[in-house]
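As the structure is a prediction and not an experimental result, all values here were calculated from the model.
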Amino acid sequence: PVSNVVLMIDGLVTTAGLPVKTLADLRALAASKPGGLNFGTLGEGSSVDFFRQLLGDQWNTRFTGIPYKGGANLTATGLMTGEIDLSWGSLGSWIAGINGGKIRLLAVASSKRHAQFPGIPTFTESNLVGIGRVFFGLAMPAGVPDAIVQKLNKDLRTLVAQKEGQERLQVLGTYTRELTPAQTEKFLRDEENLWWPVVRKIEEKKEEQKTDISVFTDMLDKVPEKVE
């Protein structure tokens, strides 16, 4: 890896009609009706769906996943019309709905509060585990001389440190990362360590469900046919 250049700022959001104002409200509501809140996702295996399951585990409850084809549908059709109750994703996708009063932002997954929403707490402040993030970076093939990697990293860090670029990216719901190659590699390892347990747990649940279905099918096969 050369550098992790841009990190998307993610947000946990609800439709404006859901009777919650804070994360504490949402947690209490979710705990009172496991599986009763519809969580918009981009389908099984997507990062949004992983977050849905991870949040349910953290809060000891369940959210029902509702898959959408594409983030635009999730925002416009799902959240802004109240078709689903909540979701998670890039803040840039939600800003128009938040400012228009159709979507309510409850928390942001960044190291500090967002300049446009200073009253909204971060995930860390809200005692939520750091959730996987969408990021953009640069990598080169193995074997490229370290001097070249370091030079490119230095040039990138100089570029993204420019004030104009940082302000533009923040409006889009992202922020820049000025990481060294070593820091970038650690970041990738930390992400891997976070998500592999989640993926394994999901796969284990799938296997359990397959076993339950198989047992039920075997029982049906053993039921004697009705004799006339």
Side-chain angles (χ1 to χ4, degrees), residues 6-33 35-56 58-59 61-136 165-176:
V6 175
L7 192 66
M8 307 294 285
I9 301 176
D10 298 315
L12 178 59
V13 294
T14 71
T15 183
L18 196 69
V20 300
K21 295 290 183 66
T22 65
L23 270 183
D25 294 340
L26 177 62
R27 184 170 186 171
L29 182 61
S32 71
K33 46 194 302 187
L37 295 182
N38 291 330
F39 196 117
T41 77
L42 297 179
E44 185 178 21
S46 66
S47 60
V48 186
D49 196 49
F50 283 163
F51 178 86
R52 172 185 68 85
Q53 299 184 63
L54 192 57
L55 183 64
Q58 288 183 65
W59 286 357
T61 188
R62 291 180 292 104
F63 297 97
T64 298
I66 307 297
Y68 283 80
K69 293 183 178 180
N73 289 328
L74 175 57
T75 303
T77 305
L79 274 170
M80 295 185 71
T81 64
E83 189 172 83
I84 54 175
D85 298 306
L86 71 158
S87 190
W88 166 85
S90 170
L91 192 58
S93 302
W94 315 127
I95 287 179
I98 295 169
N99 291 335
K102 298 290 187 179
I103 296 174
R104 179 175 292 120
L105 177 64
L106 298 185
V108 293
S110 59
S111 59
K112 58 184 179 180
R113 295 195 178 196
H114 196 279
Q116 293 187 57
F117 308 104
I120 304 300
T122 66
F123 278 20
T124 301
E125 291 178 89
S126 307
N127 296 318
L128 284 178
V129 172
I131 309 302
R133 296 146 291 183
V134 175
F135 56 89
F136 300 92
Q166 289 189 346
E167 291 176 347
R168 175 58 180 162
L169 287 169
Q170 190 174 68
V171 170
L172 297 174
T174 67
Y175 62 93
T176 57

Novice: Please check: side-chain N/O of Arg104 versus main-chain N/O of Val20, any donor-acceptor pairing under 3.5 Å?
Specialist: yes
Novice: Going by heavy atoms in the side chains, are Thr14 and Leu106 under 4.5 Å from each other?
Specialist: yes
Novice: With a 4.5 Å heavy-atom cut-off, do Phe117 and Leu91 have their side chains touching?
Specialist: yes
Novice: Carefully, step by step, assess Leu86 and Leu37 under the rule side chain to side chain contact (heavy atoms under 4.5 Å, CB included).
Specialist: CA-CA 8 Å; Leu86 71 158; Leu37 295 182; 4.1 Å; yes
Novice: Taking side chain to side chain donor-acceptor pair (under 3.5 Å) as the test, write out the residues that go with Asp25, two or more places apart.
Specialist: Thr22
Novice: According to side-chain contact (heavy atoms from CB on, under 4.5 Å), who are the partners of Arg27, at least two apart in sequence or on a separate chain?
Specialist: Trp59
Novice: With Glu125, which residues qualify under salt bridge (Lys or Arg N to Asp or Glu O under 4.0 Å), at least two apart?
Specialist: Arg113
Novice: After noting the C-alpha distance and the side-chain angles of Phe39 and Gln53, does the key distance pass the side chain to side chain contact (heavy atoms under 4.5 Å, CB included) rule?
Specialist: CA-CA 10 Å; Phe39 196 117; Gln53 299 184 63; over 6 Å; no
Novice: Find the distance between CG (Leu55) and CG (Leu12) and round it off to the nearest 0.5 Å.
Specialist: 6.5 Å
Novice: Find out whether Phe63 and Asn38 are in side-chain contact, i.e. whether some heavy atom of one side chain is under 4.5 Å from a heavy atom of the other.
Specialist: no
Novice: When rounded to the nearest 0.5 angstrom, what is the spacing between CD1 in Ile103 and OG in Ser93?
Specialist: 9.0 Å
Novice: Start with the C-alpha distance between Leu128 and Leu23, add both sets of side-chain angles, then the distance that settles side chain to side chain contact (heavy atoms under 4.5 Å, CB included), and finish with yes or no.
Specialist: CA-CA 10 Å; Leu128 284 178; Leu23 270 183; 4.0 Å; yes
Novice: Verify side chain to side chain contact (heavy atoms under 4.5 Å, CB included) between Ile9 and His114, making sure each step is shown before the conclusion.
Specialist: CA-CA 9 Å; Ile9 301 176; His114 196 279; 3.6 Å; yes
Novice: Could you pull out all residues at least two apart from Thr124 that satisfy side-chain contact (heavy atoms from CB on, under 4.5 Å)?
Specialist: Thr122
Novice: Is the backbone N or O of Asp49 less than 3.5 Å from a side-chain atom of Thr41, with the two atoms forming a donor-acceptor pair by type?
Specialist: no
Novice: Going by side-chain contact (heavy atoms from CB on, under 4.5 Å), name the residues that satisfy it together with Thr15, two or more places apart in sequence or in a different chain.
Specialist: Leu18, Leu79
Novice: Identify the heavy atoms of Gly101 and Ala16 that sit nearest to each other, and give their distance.
Specialist: O-CB, 3.3 Å
Novice: State, with a plain yes or no, whether a side-chain heavy atom of Trp94 is found less than 4.5 Å away from one of Ser87.
Specialist: yes
Novice: How would you list, by chain and number, every residue that makes a side-chain contact (heavy atoms from CB on, under 4.5 Å) with Leu42, sequence neighbours excluded?
Specialist: Ser46, Val48, Leu74
Novice: Which label fits Phe51 and Trp88: parallel for a plane angle under 30°, tilted from 30 to 60°, or perpendicular past 60°?
Specialist: parallel
